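Worksheet for the structure shown next.
This structure is a prediction, so every number in the text was calculated from the model and none was measured.
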Amino acid sequence: MVSETVQVSCVTNGGTKSNESFKRKHLGSDEHASASCHDSSNAKGDLGTADRDMAANINEDTQADDASVCMQKKVRLPKELTFQDMYNNQDAFDDDDEDDSDWEPVQKHIEILKWFCTNCTMVNLDDVFLCDICGEHKKSGILRHGFYASPFSPEVELIQVESEAIGREKEIWSEASASNCSTAVGFDERMLLHSEVEIKSHPHPERPDRLRAIAASLSAAGIFPGKCCPIPAREITVEELQMVHSSEHIEVVELTRQMFSSYFTPDTYANEHSAHAARLAAGLCADLASAIFSGRVRNGFALVRPPGHHAGVTQAMGFCLHNNAAVAALAAQAAGAKKVLIVDWDVHHGNGTQEIFDQNKSVLYISLHRHEGGKFYPGTGSAFEVGTKGAEGYCVNIPWSRGGVGDNDYIFAFQHVVLPIASKFAPDFTIISAGFDAARGDPLGCCDVTPAGYTQMTHMLSTLSGGKLLVVLEGGYNLRSISSSATAVIKVLLGESCECEPENIVPSKAGLLTVLEVLKIQMKYWPNLSSSFEKLQLQRAMYSVEKHKQVKRRRVFEPPLWWRWGRKQLLFHILTGHFHLK
């Protein structure tokens with residue numbers, strides 16, 4: 001009992017009594033007992049009696065100490081107890097009355113509050129008011145006021161600023177009236193019902209807010225409703241869809257009407273309203289194309305979703321269910337157009353549109369997109385994909401080799417590839433697959449095209465086919481970028497004057513190399529590209545020579561650093577300009 005008692009620690013006010021203190025306590029009892037035994041032995045010589053008395057005293061002392069320790073275990077620990085004290089006195093926390101063999105630690109889940117940016121869908125911590133990615137305010141008014149809403153202030157603080165900006169925009173269009181409008185806009189709120197039902201860790205980028213932000217911007221500027229006339233929406237018929245898609249594809253999309261939630265691919269969702277929304281979008285595009293080509297309106301903008309340029313003959317993919325641009329092209333041909341041009345400036349290659357018209361010489365498809373050697377979605381669209389089975393040259397791909405491509409590279413490609421080929425083709429009708437995900441700030445495209453760049457490209461294409469131009473919305477996932485860019489494009493359709501086309505555009509080196517590659521491939525089908533190719537080859541050679549001179553100059557005036565401390569120290573200072581000879 002003595003040895004067991006010695007190993008127990010006791011918690012007291014202000015700290016612990018160690019094993020040594022317990023030892024000293026009991027050793028003192030032993031010494032006291034020994035002294036008593038020695039005195040008794042001298043007095044009476046009764047060693048047996050003394051031994052028994054000592055054993056009894058030790059037993060009583062030990063029992064008292066055990067009781068004291070047990071009592072102290074039950075005593076509530078002082079508030080000043082440190083973690084080190086708790087570690088050194090783990091026995092003090094044991095409860096002998098309960099069986100804790102099945103005890104499990106309590107799992108405390110600490111919920112981290114967060115919010116998703118309305119503008120770009122990126123996640124932010126709750127204590128941050130401006131998005132870390134795009135700078136949009138947590139309570140942005142972009143869905144109510146469009147891109148006119150301040151990105152840095154909550155919606156309640158925008159009323160005065162909004163009214164001033166909107167007033168200025170409406171004054172610009174005050175002279176026009178809806179009665180003589182020449183630009184039609186196709187839009188129906190039922191397309192907003194197409195949305196992802198399944199709740200995931202991050203909002204889907206292709207969301208109804210895309211149309212809401214554009215519609216809010218057009219309304220705030222007094223453009224639509226106002227200066228543009230609407231056209232009634234209808235579901236496209238199965239017979240019209242069968243001119244583009246297989247019957248099996250149409251049936252699969254229609255089956256989603258009976259499902260609360262479904263997926264064609266991991267990123268291409270559908271709900272019970274998606275088939276209806278897709279057929280409304282295709283119907284609006286077909287009717288706009290017919291109205292424009294017949295002359296009822298001069299041009300139009302299809303404010304539609306789900307997008308369509310990834311949807312091929314037999315499959316839905318890339319957020320797309322039915323190919324709206326392809327439906328519009330065939331509707332224009334049904335109305336009398338013989339040759340249709342489709343220019344796709346969405347940052348992703350329109351693999352579905354290319355597949356549908358790959359063997360068709362009556363439709364010229366030109367796409368500008370990120371490719372990066374096939375590493376960028378969907379991986380198709382290299383410069384060597386030119387069409388098949390007699391339609392070679394009627395598919396023109398301009399594949400950017402990197403991200404960050406901006407206005408200069410796009411306009412440079414328009415000047416040297418798009419317009420020369422399109423002018424030679426001489427289309428009767430022009431369609432723009434207008435994805436705005438190459439716009440500055442887009443979370444998926446990561447490029448740098450501005451509204452001014454889209455304005456310039458739209459203006460350049462409006463000179464073709466007698467101005468018969470239909471713009472069909474495709475991608476674009478930053479609400480501020482997509483709404484400002486779409487508004488800029490519609491202003492061109494309405495006839496707003498545009499700055500003169502810049503003549504001396506200087507592309508990036510990567511942009512120049514891409515354009516040269518395309519010209520080298522396509523000039524065998526379009527001989528009028530030869531002069532441009534030779535000119536740009538000379539420009540590339542001059543660029544290389546100038547680059548070589550700069551490198552050589554740097555080598556002359558930047559001697560090795562170790563010369564500074566060697567025998568060539570004087571020469572080092574002369575070449576670096578720190579020492580001048582008189």
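- For the atom pair Leu255 CG and Ser262 OG, the distance stands at 9.0 Å (nearest 0.5 Å).
- By the 4.0 Å N-to-carboxylate-O rule, Arg190 lies too far from Glu235 to be salt-bridged with it.
- Proximity of Ile223 to Lys491: side-chain heavy atoms (C-beta onward) are separated by under 4.5 Å at one or more points.
- From Lys468, atom NZ reaches atom CD1 of Ile292 across 10.0 Å, with rounding to the nearest 0.5 Å.
- The cationic atom of Lys520 (NZ for Lys, CZ for Arg) does not lie both less than 6.0 Å from the six-membered ring centre of Phe533 and within 45° of the ring axis.
- Within the 4.5 Å cutoff, the side chain of Phe301 has no heavy atoms near those of the Phe224 side chain.
- A salt bridge does not link Asp428 with Lys338: every distance from a Lys NZ or Arg NE/NH1/NH2 to an Asp or Glu carboxylate oxygen is 4.0 Å or more.
- Side-chain contact of Gln258 with Glu272: a donor-acceptor pair under 3.5 Å is absent, judged by distance alone.
- Results of the ring-ring contact (aromatic ring centres under 6.0 Å, His included) test with Tyr377 over His310, His349, His369 single out His310 as the only residue that passes.
- Here the closest non-hydrogen pair linking Phe436 and Ser485 is CD2-CB, 3.5 Å.
- The line from OG of Ser362 to OH of Tyr394 is 9.5 Å long, rounded to the nearest 0.5 Å.
- Using a 4.5 Å cut-off on side-chain heavy atoms (C-beta onward), Ile366 and Asp344 make no contact.
- The shortest heavy-atom contact between Ala216 and Gly146 is CB-N, 3.5 Å.
- Taking the six-membered ring for Trp and thresholds of 30 and 60 degrees, Tyr454 and Trp345 have ring planes inclined between 30 and 60 degrees apart.
- With respect to Glu392 and Lys524, no salt bridge is recorded, no charged nitrogen being found less than 4.0 Å from a carboxylate O.
- The nearest pair of heavy atoms linking Val327 to Ala282 is CG1-O, 3.7 Å.
- Taking a cutoff of 4.0 Å between a charged side-chain nitrogen and a carboxylate oxygen, Glu372 and Arg402 do not qualify as a salt bridge.
- Between Arg480 and Cys134, the closest side-chain pair of non-hydrogen atoms is not below 4.5 Å.
- Surrounding NZ of Lys389 are at most 12 heavy atoms belonging to other residues, nucleotides or ligands under 6.0 Å away.
- Proximity of Ile231 to Phe187: side-chain heavy atoms (C-beta onward) are nowhere separated by under 4.5 Å.
- In this structure, the side chains of Ile490 and Leu494 come closer than 4.5 Å at one or more pairs of heavy atoms.
- Heavy-atom contacts from other residues, nucleotides or ligands closer than 6.0 Å to NZ of Lys138 number more than 12.
- Pairing each heavy atom of Cys117 with each of Glu136, the nearest pair is SG-CB, 3.7 Å.
- Here the straight-line distance linking atom CZ of Arg279 with atom CG of Leu284 works out to 13.5 Å at 0.5 Å rounding.
- Under a 3.5 Å cut-off, the side chain of Asn408 and the backbone N or O of Gly511 do not form any donor-acceptor pair.
- Under the 6.0 Å cut-off for aromatic ring centres, His348 and His309 do not qualify, their centroids lying 6.0 Å or more apart.
- Contact annotation: the side chain of Asn323 approaches that of His245 to within less than 4.5 Å [non-hydrogen atoms, C-beta and beyond].
- Counting only heavy atoms from C-beta outward, the side chains of Val417 and Leu529 never approach each other to under 4.5 Å.
- Once rounded to the nearest 0.5 Å, the distance linking CG of Asp346 with CG of Leu368 reads 11.0 Å.
- Atom CG of residue Leu419 and atom CD of residue Gln415 lie 8.0 Å apart, to the nearest 0.5 angstrom.
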